[in-house]
Amino acid sequence: MVSGEAPQAEGSARVDVWIWSVRLTKTRSQAAAACRAGHVRVNGERAKPAQSLRAGDEVRLRHAGRDRIVVVSRIVKKRVGPPVAVECYVDNSPPPPPREAAVQVPVRDRGAGRPTKRDRREIERLQGLQGAQRASRRDRDAGS
(Lines give C-alpha, C1' and ligand atoms only; values in the text may rest on other atoms or scores of the structure.)
Protein backbone atom coordinates (compact mmCIF):
# COMPACT_ATOMS: atom_id res chain seq x y z
CA MET A 1 0.00 0.00 0.00
CA VAL A 2 1.30 3.44 -0.92
CA SER A 3 1.68 5.86 1.96
CA GLY A 4 -1.29 8.25 2.24
CA GLU A 5 -3.65 5.88 0.44
CA ALA A 6 -6.83 4.90 2.28
CA PRO A 7 -7.10 1.18 3.05
CA GLN A 8 -9.84 -0.51 1.06
CA ALA A 9 -11.36 -3.95 1.25
CA GLU A 10 -11.07 -6.29 -1.73
CA GLY A 11 -14.60 -5.68 -3.03
CA SER A 12 -14.76 -1.92 -2.59
CA ALA A 13 -14.07 1.26 -4.55
CA ARG A 14 -14.13 4.99 -3.97
CA VAL A 15 -17.58 6.54 -4.37
CA ASP A 16 -16.45 9.17 -6.88
CA VAL A 17 -14.59 6.58 -8.99
CA TRP A 18 -17.57 4.22 -9.04
CA ILE A 19 -20.08 6.97 -9.96
CA TRP A 20 -17.82 7.98 -12.86
CA SER A 21 -17.09 4.35 -13.85
CA VAL A 22 -20.77 3.48 -14.28
CA ARG A 23 -21.41 6.69 -16.23
CA LEU A 24 -23.68 8.51 -13.77
CA THR A 25 -21.45 11.57 -14.31
CA LYS A 26 -19.37 12.54 -17.34
CA THR A 27 -16.13 13.16 -15.48
CA ARG A 28 -14.54 11.98 -12.26
CA SER A 29 -14.06 15.58 -11.17
CA GLN A 30 -17.83 16.14 -11.51
CA ALA A 31 -18.40 13.08 -9.33
CA ALA A 32 -15.94 14.32 -6.70
CA ALA A 33 -17.48 17.82 -6.77
CA ALA A 34 -20.95 16.33 -6.28
CA CYS A 35 -19.66 14.42 -3.24
CA ARG A 36 -18.03 17.51 -1.75
CA ALA A 37 -21.22 19.54 -2.32
CA GLY A 38 -23.33 16.96 -0.47
CA HIS A 39 -25.21 15.74 -3.55
CA VAL A 40 -24.15 12.13 -3.00
CA ARG A 41 -25.49 9.96 -0.19
CA VAL A 42 -24.52 6.37 0.52
CA ASN A 43 -27.06 4.46 2.62
CA GLY A 44 -28.60 7.78 3.69
CA GLU A 45 -25.34 9.41 4.85
CA ARG A 46 -23.44 12.18 3.05
CA ALA A 47 -20.47 10.72 1.24
CA LYS A 48 -16.99 12.13 0.82
CA PRO A 49 -15.26 11.36 -2.50
CA ALA A 50 -12.88 8.78 -0.97
CA GLN A 51 -15.54 6.86 0.96
CA SER A 52 -15.54 3.11 0.28
CA LEU A 53 -18.46 1.63 -1.61
CA ARG A 54 -19.47 -2.05 -1.54
CA ALA A 55 -22.01 -4.19 -3.37
CA GLY A 56 -25.49 -3.73 -1.90
CA ASP A 57 -24.99 -0.07 -0.92
CA GLU A 58 -27.66 2.43 -1.97
CA VAL A 59 -26.29 5.54 -3.71
CA ARG A 60 -28.40 8.68 -4.11
CA LEU A 61 -27.01 11.23 -6.55
CA ARG A 62 -28.43 14.65 -7.39
CA HIS A 63 -27.01 15.51 -10.81
CA ALA A 64 -28.20 17.59 -13.76
CA GLY A 65 -31.43 18.55 -11.97
CA ARG A 66 -32.44 14.93 -11.40
CA ASP A 67 -32.29 12.51 -8.48
CA ARG A 68 -30.71 9.14 -9.25
CA ILE A 69 -31.22 6.30 -6.77
CA VAL A 70 -29.16 3.22 -7.53
CA VAL A 71 -28.22 0.07 -5.63
CA VAL A 72 -24.69 -1.17 -6.28
CA SER A 73 -24.67 -4.68 -7.70
CA ARG A 74 -21.06 -4.82 -8.90
CA ILE A 75 -17.93 -2.84 -8.10
CA VAL A 76 -15.90 -1.46 -10.99
CA LYS A 77 -12.84 0.75 -10.70
CA LYS A 78 -12.27 1.52 -14.38
CA ARG A 79 -14.74 3.30 -16.68
CA VAL A 80 -16.78 0.79 -18.64
CA GLY A 81 -19.07 1.00 -21.66
CA PRO A 82 -22.78 1.76 -21.29
CA PRO A 83 -24.01 -1.86 -21.68
CA VAL A 84 -21.64 -3.06 -18.94
CA ALA A 85 -22.31 0.00 -16.75
CA VAL A 86 -26.05 -0.74 -16.60
CA GLU A 87 -25.27 -4.22 -15.22
CA CYS A 88 -23.31 -2.70 -12.31
CA TYR A 89 -26.35 -1.18 -10.58
CA VAL A 90 -30.10 -1.49 -10.12
CA ASP A 91 -31.78 1.80 -10.97
CA ASN A 92 -34.59 2.73 -8.56
CA SER A 93 -34.77 6.36 -9.72
CA PRO A 94 -38.10 8.05 -10.31
CA PRO A 95 -38.78 8.62 -14.01
CA PRO A 96 -37.51 11.93 -15.39
CA PRO A 97 -40.15 14.65 -15.75
CA PRO A 98 -41.65 14.98 -19.24
CA ARG A 99 -40.06 17.67 -21.40
CA GLU A 100 -43.31 19.67 -21.54
CA ALA A 101 -43.36 19.91 -17.72
CA ALA A 102 -39.87 21.39 -17.62
CA VAL A 103 -39.83 25.16 -17.25
CA GLN A 104 -39.01 26.88 -20.50
CA VAL A 105 -36.69 29.83 -20.18
CA PRO A 106 -37.40 32.71 -22.54
CA VAL A 107 -34.57 33.14 -25.04
CA ARG A 108 -33.55 36.56 -26.31
CA ASP A 109 -31.82 37.04 -29.60
CA ARG A 110 -28.11 37.63 -29.33
CA GLY A 111 -27.36 41.34 -29.52
CA ALA A 112 -30.95 42.33 -28.75
CA GLY A 113 -29.69 44.40 -25.83
CA ARG A 114 -31.40 45.15 -22.59
CA PRO A 115 -35.12 44.24 -22.41
CA THR A 116 -37.54 47.14 -22.67
CA LYS A 117 -40.05 47.79 -19.91
CA ARG A 118 -42.69 46.08 -22.02
CA ASP A 119 -40.41 43.04 -22.59
CA ARG A 120 -39.64 42.86 -18.86
CA ARG A 121 -43.32 42.90 -17.96
CA GLU A 122 -44.00 40.16 -20.49
CA ILE A 123 -41.19 38.04 -19.07
CA GLU A 124 -42.49 38.55 -15.53
CA ARG A 125 -46.00 37.65 -16.65
CA LEU A 126 -44.73 34.43 -18.25
CA GLN A 127 -42.78 33.53 -15.13
CA GLY A 128 -45.76 34.23 -12.88
CA LEU A 129 -43.99 36.96 -10.92
CA GLN A 130 -46.48 39.71 -11.71
CA GLY A 131 -48.49 39.75 -8.46
CA ALA A 132 -45.56 39.16 -6.09
CA GLN A 133 -43.42 41.88 -7.65
CA ARG A 134 -46.17 44.49 -7.55
CA ALA A 135 -46.97 43.72 -3.92
CA SER A 136 -43.33 44.07 -2.85
CA ARG A 137 -42.96 47.34 -4.80
CA ARG A 138 -46.17 48.69 -3.24
CA ASP A 139 -44.95 47.79 0.27
CA ARG A 140 -41.56 49.39 -0.41
CA ASP A 141 -43.07 52.59 -1.82
CA ALA A 142 -45.59 52.87 1.02
CA GLY A 143 -42.75 52.94 3.57
CA SER A 144 -41.18 56.03 1.92
Side-chain angles (χ1 to χ4, degrees), residues 4-9 11-144:
E5 186 177 312
Q8 292 184 342
S12 66
R14 288 174 55 118
V15 173
D16 61 342
V17 172
W18 186 83
I19 289 172
W20 166 74
S21 297
V22 296
R23 298 175 174 266
L24 294 177
T25 59
K26 288 186 179 183
T27 65
R28 181 171 168 200
S29 61
Q30 280 182 344
C35 290
R36 283 191 300 272
H39 299 299
V40 178
R41 293 185 176 270
V42 176
N43 298 326
E45 299 291 325
R46 280 181 64 171
K48 293 183 178 180
Q51 181 175 331
S52 293
L53 191 66
R54 293 180 180 78
D57 287 346
E58 180 189 67
V59 178
R60 291 176 176 262
L61 169 70
R62 176 91 177 144
H63 180 67
R66 183 172 174 217
D67 285 326
R68 299 292 306 265
I69 303 167
V70 296
V71 177
V72 179
S73 59
R74 192 167 85 187
I75 296 294
V76 290
K77 295 181 182 177
K78 299 287 183 182
R79 192 161 170 94
V80 293
V84 177
V86 172
E87 297 172 0
C88 295
Y89 60 86
V90 177
D91 195 351
N92 297 329
S93 305
R99 290 191 180 257
E100 306 86 48
V103 178
Q104 293 182 348
V105 178
V107 179
R108 290 187 52 82
D109 294 331
R110 186 173 175 93
R114 185 174 172 178
T116 62
K117 193 171 194 176
R118 182 178 184 183
D119 291 340
R120 181 184 51 80
R121 286 184 175 155
E122 175 118 1
I123 291 168
E124 287 178 355
R125 184 182 58 80
L126 290 172
Q127 291 177 341
L129 300 175
Q130 189 175 20
Q133 291 290 331
R134 282 189 184 157
S136 66
R137 281 192 206 123
R138 208 176 320 129
D139 294 341
R140 184 183 67 219
D141 293 341
S144 301

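The shown structure was predicted, so the numbers you read here are calculated from the model rather than taken from an experiment.
- Contact record, R120 with P115: N-CB, 4.3 Å, taken as the closest heavy-atom pair.
- For the pairing with I69, the side chain to side chain contact (heavy atoms under 4.5 Å, CB included) check across N92, D91, V59 returns one residue only, N92.
- The shortest heavy-atom contact between R66 and P94 is NH2-O, 3.6 Å.
- Distance check, rounded to the nearest 0.5 Å: OG of S12 to CD of Q51 gives 11.0 Å.
- No side-chain heavy atom of L61 sits less than 4.5 Å from a side-chain heavy atom of V70.
- For the atom pair CG (L24) and CD1 (I19), the distance works out to 6.5 Å, reported to the nearest 0.5 Å.
- Residues K48 and C35 are not in side-chain contact: their nearest non-hydrogen atoms beyond the backbone lie 4.5 Å or more apart.
- Side-chain N or O atoms of D67 include none that pairs as donor or acceptor with a backbone N or O of R62 at under 3.5 Å.
- T116 is listed as a side-chain neighbour of D119, based on a closest heavy-atom distance under 4.5 Å.
- Minimum interatomic distance between G56 and V71 (heavy atoms only, all atoms of both residues): O-CG1, 4.0 Å.
- Under a 3.5 Å cut-off, the side chain of R54 and the backbone N or O of G11 do not form any donor-acceptor pair.
- At a threshold of 4.5 Å between non-hydrogen side-chain atoms, the residues P49 and R14 count as touching.
- Among all heavy-atom pairs drawn from V22 and A85, the shortest one is O-CB, 3.6 Å.
- Here the side chain of W18 pairs no donor or acceptor atom with the backbone of S52 at under 3.5 angstrom.
- For the atom pair CG (L53) and CD (E58), the distance works out to 11.5 Å, reported to the nearest 0.5 Å.
- Pairs of residues two or more places apart, or lying in two chains, that qualify as salt bridge (Lys or Arg N to Asp or Glu O under 4.0 Å) and include a residue from residues 19-28 are D16-R28.
- Once rounded to the nearest 0.5 Å, the distance linking CZ of R46 with NE2 of H39 reads 9.0 Å.
- Between H63 and Q30 the shortest side-chain heavy-atom distance falls below 4.5 Å.
- In this structure, R121 and R125 have side chains that are not in contact, with every pair of non-hydrogen atoms separated by 4.5 Å or more.
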